[in-house]
Amino acid sequence: MKGFFGKNDFLLQGITKKGKPASCVSCGLGKTAKTKNMEPYGQFKKEIMLVGDIPCDYSDEKGKPWQGTDGRFLQNTLYKMGIDIFKDCVTINAINCAKPYDEAPTDHEMSCCLTKVREKIAKYNPKVIFLLGDIAVKQLIGDR
């Protein structure tokens, strides 16, 4: 069976409007985030990847994903299904730095994080990927 992602999907980089590769430096969100470029989190025992939208203020403060109200709801919901999000999964975000005032990320900011998201999917090679939120869906499959 053919997979959803092709081999070349992970070789492509986010591109700025000027045609240059997008990067953390060109994005600028790291200037205001407490946890710059939040790293993947979790032990990945069941080879499940959770892709969240963007770290909330509380997660940014703690340096760990799923620390706010939505995160506790997700933890409880998955726990009822036998999944511990910190032991069984690895979490990444579509946008790696928190954005002030819960603003939606711009297309440029999404492009800047795209390469890192694709690299993490290729590195972990999960059996299952849950896209949690509209930003995560747009980042990974919006054009499909």
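Worth knowing before you read on, the calculation uses all heavy atoms, side chains too, and leaves out hydrogens, waters and symmetry mates. Remember, predicted model here, so these are calculated numbers, not experimental data.
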Got a sec, which pairs hit side chain to side chain donor-acceptor pair (under 3.5 Å) with one end in residues 44-59, sequence neighbours left out?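 Residue pairs passing side chain to side chain donor-acceptor pair (under 3.5 Å), neighbours aside: Q43-K45.
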Quick one: which residue pairs count as a side chain to side chain donor-acceptor pair (under 3.5 Å) with a foot in residues 120-132, not counting sequence neighbours? none
Residue list, side-chain contact (heavy atoms from CB on, under 4.5 Å) with K36, at least two apart or on another chain: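 So K36 forms no side-chain contact (heavy atoms from CB on, under 4.5 Å) with any residue.
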Applying salt bridge (charged side-chain N to carboxylate O under 4.0 Å, His left out), run through K64 and E39 and close with a yes or a no. CA-CA 8 Å; K64 181 173 145 180; E39 290 297 319; over 6 Å; no
Any side-chain to backbone donor/acceptor pair from [X] onto [Y]? Under 3.5 Å, distance only.
{"X": "D84", "Y": "K87", "result": "yes"}
{"X": "E109", "Y": "C27", "result": "no"}
{"X": "D60", "Y": "K34", "result": "yes"}
{"X": "K62", "Y": "Q67", "result": "no"}

Give the C-alpha distance, both sets of side-chain angles, the deciding distance and a yes or no for side-chain contact (heavy atoms from CB on, under 4.5 Å) between T91 and V51. CA-CA 6 Å; T91 294; V51 181; over 6 Å; no
[X] to [Y] - nearest heavy-atom pair and separation:
{"X": "P40", "Y": "V90", "answer": "CB-CG2, 3.8 Å"}
{"X": "P105", "Y": "K99", "answer": "CA-NZ, 3.7 Å"}
{"X": "A94", "Y": "A136", "answer": "CB-CA, 3.8 Å"}

For the side chain to side chain donor-acceptor pair (under 3.5 Å) test, which of N96, N93, N37 pairs with K116?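 Of all the options given, the one that passes is N37.
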Please check if V117 and I141 belong to a single hydrophobic cluster, counting links between Ile, Leu, Val, Met, Phe, Trp and Tyr side chain heavy atoms closer than 4.5 Å. yes
Mind checking who shares a hydrophobic cluster with I54, ILVMFWY linked at side-chain heavy-atom distances under 4.5 Å?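 Noted: I54 shares its cluster with L29, I95, M110, I135.
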Which residues end up grouped with Y41 if you chain together Ile, Leu, Val, Met, Phe, Trp and Tyr wherever their side-chain heavy atoms are less than 4.5 Å apart?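 Joined to Y41, directly or through intermediates: I48, L50, W66, L74, L78, M81, I83, I85, F86, V128, F130, L132.
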Quick check on D88: does its CG atom have over 12 non-hydrogen neighbours (other residues, nucleotides or ligands) under 6.0 Å away? yes
Considering residues at least two apart in sequence or located in another chain, which fulfil the side chain to side chain donor-acceptor pair (under 3.5 Å) criterion with D107? K138
Less than 4.5 Å apart, side chain to side chain, heavy atoms only: is that true for Q139 and C113?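 Yes, close enough: below the 4.5 Å cut-off.
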